[in-house]
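Letters A, B, ... mirror the listed sequences (proteins, then strands); counts begin at 1. Just so it is clear, the structure is predicted and the values come from calculations on it, not from any experiment.
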Number of protein chains: 2
Amino acid sequence: MQYQEAKDKFISTWGSLGSLWGINKAMAQIQALLFISTKPLSMEDIMEELKISRGNTSMNLRQLMDWGIVTKVLVSGERKEFFTTEKDVQELARTVAKERSRREIKPVIKVLEDVSSIKDDGSEKTKELIKQTKALKDITHDLDTLMNRLVNQKQNWLTKSVLKLMK
Amino acid sequence: MQYQEAKDKFISTWGSLGSLWGINKAMAQIQALLFISTKPLSMEDIMEELKISRGNTSMNLRQLMDWGIVTKVLVSGERKEFFTTEKDVQELARTVAKERSRREIKPVIKVLEDVSSIKDDGSEKTKELIKQTKALKDITHDLDTLMNRLVNQKQNWLTKSVLKLMK
DNA sequence: ATAAACTTTCAATAATTATTGAAAGTTTAA
DNA sequence: TTAAACTTTCAATAATTATTGAAAGTTTAT
């Protein structure tokens with residue numbers, strides 16, 4: 001496999017994986033492209049490489065900036081804007097985990113809390129609803145906490161954690 | 001909030017959360033309904049509660065069975081089939097983690113492995129592609145391993161793990 | 001064997017989500 | 001200023017994904 005083929009494969013795979021971390025295809029592909037680029041890219045560069053429209057590029061770059069994953073960089077002597085992504089995977093993981101937690105997990109925990117705290121009228125079905133949503137709330141909360149904690153350990157967190165947990 | 005309102009809220013929230021664990025709305029709602037039901041439900045019951053068609057119910061129940069989350073149960077004296085879901089959240093988490101790993105994460109790791117092992121032609125862009133996809137492969141692999149290990153600890157795994165990792 | 005009870009399949013359709021492109025908006029240089 | 005260079009917005013459209021419903025398939029009881 002040559003450079004170009006490998007690059008295309010990476011970008012398209014990472015793009016379709018977007019759903020796994022909660023973003024759309026174009027967004028994931030732009031991030032992938034920037035991630036393997038040796039220098040910041042302009043909107044023009046991105047449009048051309050990914051064969052997507054200006055509007056699409058603009059909107060998805062904005063979302064990536066909202067996530068805190070992509071930043072504008074000023075290239076001296078150039079009028080247009082250039083973009084670059086966080087290059088450190090650990091930092092990237094930290095940001096993604098934090099954003100997903102804030103955008104999706106916390107709101108769900110809130111709903112589960114509300115639902116599981118309805119008044120117990122003594123009926124079997126109410127007891128079951130309370131019991132099960134409470135269990136779901138607990139595990140969701142625990143996983144969220146754990147994930148964020150893991151991802152925030154600055155040094156070698158993962159290796160150390162895995163080793164500790166190995167049988 | 002009364003029982004019915006809480007139940008509806010739970011089912012619709014859990015349904016829209018489906019994307020977070022990689023399944024569609026109807027599938028997640030069926031699972032949610034079964035999860036808080038005190039007894040197994042028939043296809044008819046599910047169709048009626050969720051206001052979805054027979055075909056939709058049938059297909060999504062099948063997918064849930066493929067995931068290993070829902071099972072058919074035979075109710076004596078009844079001709080039709082009844083369904084129930086795994087009621088233990090820990091076991092549910094274990095199954096979901098395992099399936100997502102198998103269906104989505106492992107295939108991605110394979111692609112990242114292929115891409116990161118292209119021949120280094122000495123150019124800067126090739127070096128960057130190799131370096132970055134390798135870093136992504138490593139963290140994806142580590143997170144996958146860790147997630148599965150956590151979720152497979154039978155007893156109190158989460159609490160213990162979190163405590164160990166606390167500063 | 002057959003017919004009633006039930007489930008599955010799948011082409012058609014609906015609903016949702018992503019993308020385009022051109023007009024409107026903004027910034028910069030002269 | 002003003003006009004060129006560039007970016008954003010958003011209504012229209014396309015692409016994707018989910019859902020329906022009726023015909024085909026299967027199982028069970030007699």
Check: B:K39 and B:F82 side chains under 4.5 Å, non-hydrogen atoms:
no
Looking at side-chain heavy atoms only, is the closest gap between A:L20 and B:R100 below 4.5 Å?
yes
[X] [atom1] - [N] [atom2] separation (whole Å):
{"X": "A:F82", "N": "D:dT7", "atom1": "CZ", "atom2": "C1'", "answer": "14 Å"}
{"X": "A:D45", "N": "D:dT7", "atom1": "CG", "atom2": "C1'", "answer": "15 Å"}
{"X": "B:E78", "N": "C:dC6", "atom1": "CD", "atom2": "P", "answer": "8 Å"}
{"X": "B:L50", "N": "D:dA18", "atom1": "CG", "atom2": "P", "answer": "16 Å"}
{"X": "B:N60", "N": "C:dT9", "atom1": "CG", "atom2": "P", "answer": "13 Å"}
{"X": "A:M43", "N": "C:dT26", "atom1": "CE", "atom2": "C1'", "answer": "13 Å"}
{"X": "B:I46", "N": "C:dT7", "atom1": "CD1", "atom2": "P", "answer": "10 Å"}
{"X": "A:Q63", "N": "C:dA18", "atom1": "CD", "atom2": "C1'", "answer": "11 Å"}

Is it true that, when you exclude B:K87 itself, more than 12 heavy atoms of the residues, nucleotides or ligands shown sit nearer than 6.0 Å to its NZ?
yes
Salt bridge flag under 4.0 Å for residues [X] and [Y]:
{"X": "A:E91", "Y": "A:R94", "answer": "yes"}
{"X": "B:K110", "Y": "B:E113", "answer": "no"}
{"X": "A:E49", "Y": "A:K7", "answer": "yes"}
{"X": "B:E124", "Y": "B:K127", "answer": "no"}

Between A:T85 and A:I69, does a side-chain contact (heavy atoms from CB on, under 4.5 Å) hold up when you go through it step by step?
CA-CA 6 Å; A:T85 191; A:I69 288 170; 3.3 Å; yes
Would you write the dot-bracket representation of DNA chain C, where each base gets (, ), [, ], | or . depending on whether it forms a Watson-Crick or G-U pair under 3.5 Å and with which partner?
||||||||||||||||||||||||||||||
Side-chain donor/acceptor of [X] to backbone N/O of [Y], under 3.5 Å:
{"X": "B:T57", "Y": "B:S53", "value": "yes"}
{"X": "B:T13", "Y": "B:F10", "value": "no"}
{"X": "B:S37", "Y": "B:P40", "value": "no"}

Protein within reach of the bases, or only the backbone? For nucleotides 20-25 of chain C, mark each nucleotide 5' to 3' as B, S or -, using heavy atoms under 4.0 Å.
BB----
Nearest-neighbour nucleotide for the B:N24 side chain, C:dT19, D:dT8, D:dA18 considered:
D:dA18
Given D:dT8, C:dT9, D:dT19, identify the nucleotide with an atom nearest to the side chain of B:S58.
C:dT9
5'-most contact on DNA chain D (nearest-nucleotide basis), A:E44 vs B:R79, goes to A:E44
Could you check whether the rings of B:W14 and B:W21 sit parallel, tilted or perpendicular, using 30° and 60° as the cut-offs?
tilted
Base, sugar-phosphate, or nothing for A:E81, non-hydrogen atoms under 4.0 angstrom?
sugar-phosphate
Please tabulate, one pair per line, each protein N/O and nucleotide N/O from nucleotides 12-14 of chain C that are separated by under 3.5 Å, including the distance.
none

